Amino acid sequence: MGKKAYEKEGAVAAPRRIAMTPAARRALDAAGRLFYERGIHAVGVDLIAAEAGVTKKTLYDRFGSKEQIVVEYLAERDDRWRSFLAGYLAAAPTPRARVLAVFDASRDWAADRSEKGCAMVNAHAEISDAAHPAYPIITGQKAWMLALFTDLAREIAPDRAERLARTLVLLHEGGLVAHGLHVFPDALDQARDDAERLLAGGTESAGDGR
């Protein structure tokens, strides 16, 4: 059997990455924290260097530009999210359980790492230029999530997989945004509950997809 859509390589060109020296690692850790807490545009290289305990020269020697620091920040966060989610998917025994596992993973990830909401959504609010080297990482993660839900939906309700996947994405992303904006408590739990009801209401004839 071929790879699932969300597992296929080359769908989005991989960003250029750099090798991490200890100084670069400190700089990226500082940049990631500052970008997430304060916003990408609000954080300059002077502050990153000061927080990391490195010189601006070292920062530019390693990364070349602030744009590349943003690329590394978002690409690394995306890598960590996908690895985190993989454990939840692997532990779920059925396609329906795997759909709900995505919501469980997002809830647990947000509880520990995303008090201000989805880093990709936040980044897109500041980076809307498709020519920016970080832009494909932002949009690529959301395309990957849609592909994941589509593959899972295809195993549950193949005759309406695309529509079901898009609805699940709307629930998932809406939950992330509502969580990040503190619109109401337990937004991701409600999104999961709604996804569970959606699946329960539409899988009577799905057989083993349940």
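The residues of the chain are indexed from 1 along the displayed sequence. If you're wondering where the values come from, they're calculated on a predicted model, not measured in any experiment. When reading the values below, keep in mind they use all heavy atoms of this one structure, side chains included, and skip hydrogens, waters and symmetry mates.
Using cut-offs of 30° and 60° on the angle between ring planes, the pair Tyr135 and His124 is tilted. Classified by interplanar angle (parallel below 30°, tilted 30° to 60°, perpendicular above 60°), the ring pair Phe103/His172 is perpendicular.
Hydrophobic clustering (ILVMFWY, side-chain heavy atoms < 4.5 Å, transitive): Leu171 and Val121 are in distinct clusters. Residues Val43 and Ile127 share a single hydrophobic cluster, defined by chaining ILVMFWY side chains whose heavy atoms lie under 4.5 Å apart. Linking Ile, Leu, Val, Met, Phe, Trp and Tyr residues whenever their side-chain heavy atoms come within less than 4.5 Å places Tyr73 and Tyr60 in a single cluster. Grouping the Ile, Leu, Val, Met, Phe, Trp and Tyr side chains by contacts below 4.5 angstrom, directly or via other members, places Trp109 apart from Val177. Note: the hydrophobic cluster containing Leu188 does not contain Trp81 (ILVMFWY, side chain heavy atoms under 4.5 Å, direct or indirect links).
Note that CG of Leu146 and CZ of Arg166 are 7.0 Å apart. Values are rounded to the nearest 0.5 Å. Residue Glu162 holds its CD atom at 6.5 Å from OG1 of Thr150, rounded to the nearest 0.5 Å. Interatomic distance, CZ of Arg160 versus OG1 of Thr167, reported as 8.0 Å (0.5 Å rounding). How far CD1 of Ile40 is from CG of Leu74: 5.0 Å, rounded to the nearest 0.5 Å. Atom CZ of Arg25 is separated from atom CE of Met20 by 5.5 Å, given to the nearest 0.5 angstrom.
Put simply, the side chain of Leu148 reaches to within 4.5 Å of the side chain of Leu85, judged on heavy atoms. Put simply, the side chain of Leu100 does not reach to within 4.5 Å of the side chain of Arg98, judged on heavy atoms. At a threshold of 4.5 Å between non-hydrogen side-chain atoms, the residues Arg17 and Asp79 count as touching. Here the side chains of Ile138 and Asp78 are not in contact, with every heavy-atom distance at 4.5 Å or above. Between Arg77 and Ile137 the shortest side-chain heavy-atom distance does not fall below 4.5 Å. When side chains are defined from C-beta on, Thr55 does not count as touching Leu59, because their heavy atoms never get closer than 4.5 Å. Within the 4.5 Å cutoff, the side chain of Leu152 has no heavy atoms near those of the Leu164 side chain.
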Which donor-acceptor pairs under 3.5 Å do side chains of residues 44-52 form with protein atoms, sequence neighbours excluded?
from	atom 1	to	atom 2	distance (Å)
Asp46	OD1	Lys56	NZ	3.3
Glu51	OE1	Arg33	NH2	2.8

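Residues Lys142 and Glu173 are paired through a salt bridge, judged by an N-O separation under 4.0 Å between the basic side chain and the carboxylate. Under 4.0 Å is where a charged nitrogen must lie from a carboxylate oxygen, and between Asp194 and Arg197 at least one such pair does. With salt bridges taken as basic N to acidic carboxylate O contacts below 4.0 Å, one links Asp61 and Lys57. Looking at Arg192 and Asp189, no side-chain N of the basic residue comes within less than 4.0 Å of a carboxylate O on the acidic one, giving no salt bridge.
When all heavy atoms are compared, the tightest approach of Ala187 to His179 is CB-N, 3.8 Å. Of all the heavy atoms in Ala153 and Ala161, the pair that sits closest is CB-O, 3.5 Å. The two residues Arg82 and Gly140 make their nearest non-hydrogen contact at NH2-O, 4.1 Å. Considering every non-hydrogen atom in both Ala97 and Pro93, the closest pair reads CB-CD, 3.8 Å. Pairing each heavy atom of Ala191 with each of Gly175, the nearest pair is CB-CA, 4.3 Å. Nearest heavy atom pair, residue Ala24 against residue Phe63, reads O-CZ, 3.6 Å.
With hydrogens and angles ignored, the 3.5 Å screen pairs a side-chain donor or acceptor of Arg62 with a backbone N or O of Ala19. A donor-acceptor pair under 3.5 Å is absent between the side-chain atoms of Glu155 and the main chain of Pro95, judged by distance alone. Checking side-chain atoms of Lys116 against main-chain N and O of Arg38 turns up no donor-acceptor pair under 3.5 Å. No donor-acceptor distance shorter than 3.5 angstrom exists from the side chain of Tyr36 to the backbone of Ala31, with no hydrogens or angles considered. One N or O on the side chain of Ser106 and one on the backbone of Val102 form a donor-acceptor pair closer than 3.5 Å.
Using modelled atom types and a 3.5 Å distance limit, the side chains of Arg16 and Gln68 yield a donor-acceptor pair.
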For this session: Start with the C-alpha distance between Asp29 and Arg26, add both sets of side-chain angles, then the distance that settles salt bridge (charged side-chain N to carboxylate O under 4.0 Å, His left out), and finish with yes or no.
Result: CA-CA 5 Å; Asp29 289 345; Arg26 292 198 306 274; over 6 Å; no

For this session: Check the pair Phe35, Asn122 against side chain to side chain contact (heavy atoms under 4.5 Å, CB included), reporting the backbone distance first and the verdict last.
Result: CA-CA 10 Å; Phe35 287 155; Asn122 296 347; over 6 Å; no

